[in-house]
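Note sheet for the following structure.
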2 protein chains.
Amino acid sequence: MALAEAILVCLTDRPMSGYDLAKTFDASIGLFWRASHQQVYRELARLRERNLVESTEVEQRGKPNRIVHTITEAGEHTILQWSLKPCKMPSIKDELLVKFYALETVDIPALSEQLGVRIDQHRGKLNVYHRIKERFYDGHNLSTSQHGKLIALTMGISNETEVIQSLENALVMLQDTQD
Amino acid sequence: MALAEAILVCLTDRPMSGYDLAKTFDASIGLFWRASHQQVYRELARLRERNLVESTEVEQRGKPNRIVHTITEAGEHTILQWSLKPCKMPSIKDELLVKFYALETVDIPALSEQLGVRIDQHRGKLNVYHRIKERFYDGHNLSTSQHGKLIALTMGISNETEVIQSLENALVMLQDTQD
DNA sequence: CATTGTTATGCAATTATGTGCATACTATAA
DNA sequence: TTATAGTATGCACATAATTGCATAACAATG
């Protein structure tokens, strides 16, 4: 259950509320590990039980109170232990590629359209990556942990760039099939 | 639940037993949609209930009997309907990239080693892709459904190639950090 | 002759994830 | 003033996936 570790990793940066974490999982770290807000809240409850985070309610004016979670020493120890263990290959599940597997049974115009949508989604992701890179990393002096994030980001950028390229190629190849 | 559809897609090729399907999900289509044998058997039971496949036991000598599953017309209709619906973005979950996010808390030599392992895994995958391509697609006359598989395979090859490249870069960047 | 490997199927229990809903307060715009 | 959007937390139910186990026939290797 690496969701627990992903949350702890976020909290090494700064203490956060469940809401902050959910937003983080929608953007920065969410580019490499997706989680919904319900998952985050559930996991936070478990982390609190295991004493890997400490939670304190913070009063706010004009807004509901926040419950801010701070990583404990035991939490940091958990990350270190986890970092020593080998990691699983990410398990791929891509409906789009499965659809290519049954091109004779599938509606090809619909598939073309879906390819177009997918290309746009990856272009969007690439833009997000670029903006984050310019905003936080280009021309800055980087700490170790920032350096790590930049490495991940760089991998993300070249991967998205390549994916867009090959999806565009696939679109052309698919249109050749239609004739 | 696109596992159902992924199985149906496999069965458009030829009737298969659960065991055949499990192996297919370990190799060819499994490169784009991973599933364990338990998942396959469970899903097959459901597909049979929904009359999307027909199952007949085939006696064998020297081996346990096989239960061979054939896609029905209703099954092919299900694929067509599914092909019209937009598909979800694959949800990424990569521990390795998450570990880069906490480079200050993580054991860097261990991470380097894991990067090496990951590179080897992707090299292995790339080899498999190349062998499949040479074996089944290069210099052959292709049917529509084979053409689709080739497109998916081509995407796989360029993606793996790129991933290996950027993991190697990441390894160098990580070693620069260590000093 | 015992062990390991391959073919072949499946259950049970647990863990993970997703979907929909519920609550509550505030700011802003139509 | 009604609707919409944003902040903030969370439960309940349903579906999906993983892990471990169980069975059973045979083949090959040491």
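To find a chain, count down the sequence lines: A is the first, B the second, and so on, and within it residues start at 1.
For A:Leu44 and C:dA16, the CG to P distance is 15 Å, given to the nearest whole Å. Per the geometry, CZ belonging to A:Arg46 stands 6 Å off P belonging to C:dA16, to the nearest Å. Following rounding to the nearest Å, B:Glu95 (CD) and C:dA16 (C1') show an atom-to-atom distance of 14 Å. One interatomic measurement links the two molecules: NZ of B:Lys88 to P of C:dG18, which rounds to 8 Å at whole-angstrom precision. Rounding to whole angstrom units, CD of residue A:Glu43 and P of C:dG18 are separated by 13 Å. Straight-line distance from the CD atom of B:Glu49 to the P atom of C:dG10: 13 Å, rounded to whole Å.
Side-chain N or O atoms of B:Arg118 include one that pairs as donor or acceptor with a backbone N or O of A:Lys88 at under 3.5 Å.
For residues 29-38 of chain A, proximity to DNA chain D is found at A:His37, A:Gln38, defined as any non-hydrogen atom under 4.0 angstrom from a strand atom.
Among residues at least two apart or in separate chains, there is no side-chain hydrogen bond (donor to acceptor under 3.5 Å, both in side chains) pair with a member in residues 131-140 of chain A. Residue pairs that meet the side-chain hydrogen bond (donor to acceptor under 3.5 Å, both in side chains) test with at least one member in residues 71-80 of chain A, sequence neighbours left out, do not exist here.
First and last contacting nucleotides of DNA chain D toward chain A (any atom under 4.0 angstrom from a heavy atom, 5' to 3' order): D:dT7 to D:dT19.
Atom CG of B:Leu44 and atom CD of B:Glu49 lie 12.0 Å apart (nearest 0.5 Å).
Nearest-nucleotide assignment on DNA chain C puts the 5′-proximal partner with B:His69, out of A:Gln39 and B:His69. Heavy-atom nearest nucleotides on DNA chain C were determined for A:Ala2 and for B:Val68, and the one closer to the 5' end corresponds to B:Val68.
Residues passing the side chain to side chain contact (heavy atoms under 4.5 Å, CB included) test with B:Ala110 are A:Leu84, B:Asp107, B:Gln114, sequence neighbours excluded.
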What are the atom names and distances for every N/O pair under 3.5 Å that joins the protein to nucleotides 4-8 of chain C?
residue : atom : partner : partner atom : Å
C:dT7   : OP2  : B:Tyr19 : OH           : 2.8
C:dT7   : O5'  : B:Tyr19 : OH           : 3.3
C:dA8   : OP1  : B:Gln60 : OE1          : 3.3
C:dA8   : OP1  : B:Gln60 : NE2          : 2.8

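Using modelled atom types and a 3.5 Å distance limit, the side chains of A:Ser112 and A:Gln175 yield no donor-acceptor pair. One side chain, A:Asp20 or A:Ser17, offers a donor N or O that lies under 3.5 Å from an acceptor on the other.
Under the 4.5 Å side-chain heavy-atom criterion for ILVMFWY residues, a single connected hydrophobic cluster contains both B:Val163 and B:Met173.
By the neighbour-count criterion of 12 heavy atoms within 6.0 Å, atom CD of B:Gln81 is densely surrounded, having more than that number from other residues, nucleotides or ligands.
The pair A:Arg46-A:Glu43 meets the salt-bridge criterion, with a side-chain N (NZ, NE, NH1 or NH2) lying under 4.0 Å from an Asp/Glu carboxylate O.
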For this session: Let me see the working for A:Glu168 and A:Arg123 under salt bridge (charged side-chain N to carboxylate O under 4.0 Å, His left out), right down to the final yes or no.
Result: CA-CA 11 Å; A:Glu168 281 168 352; A:Arg123 276 207 255 260; 2.9 Å; yes
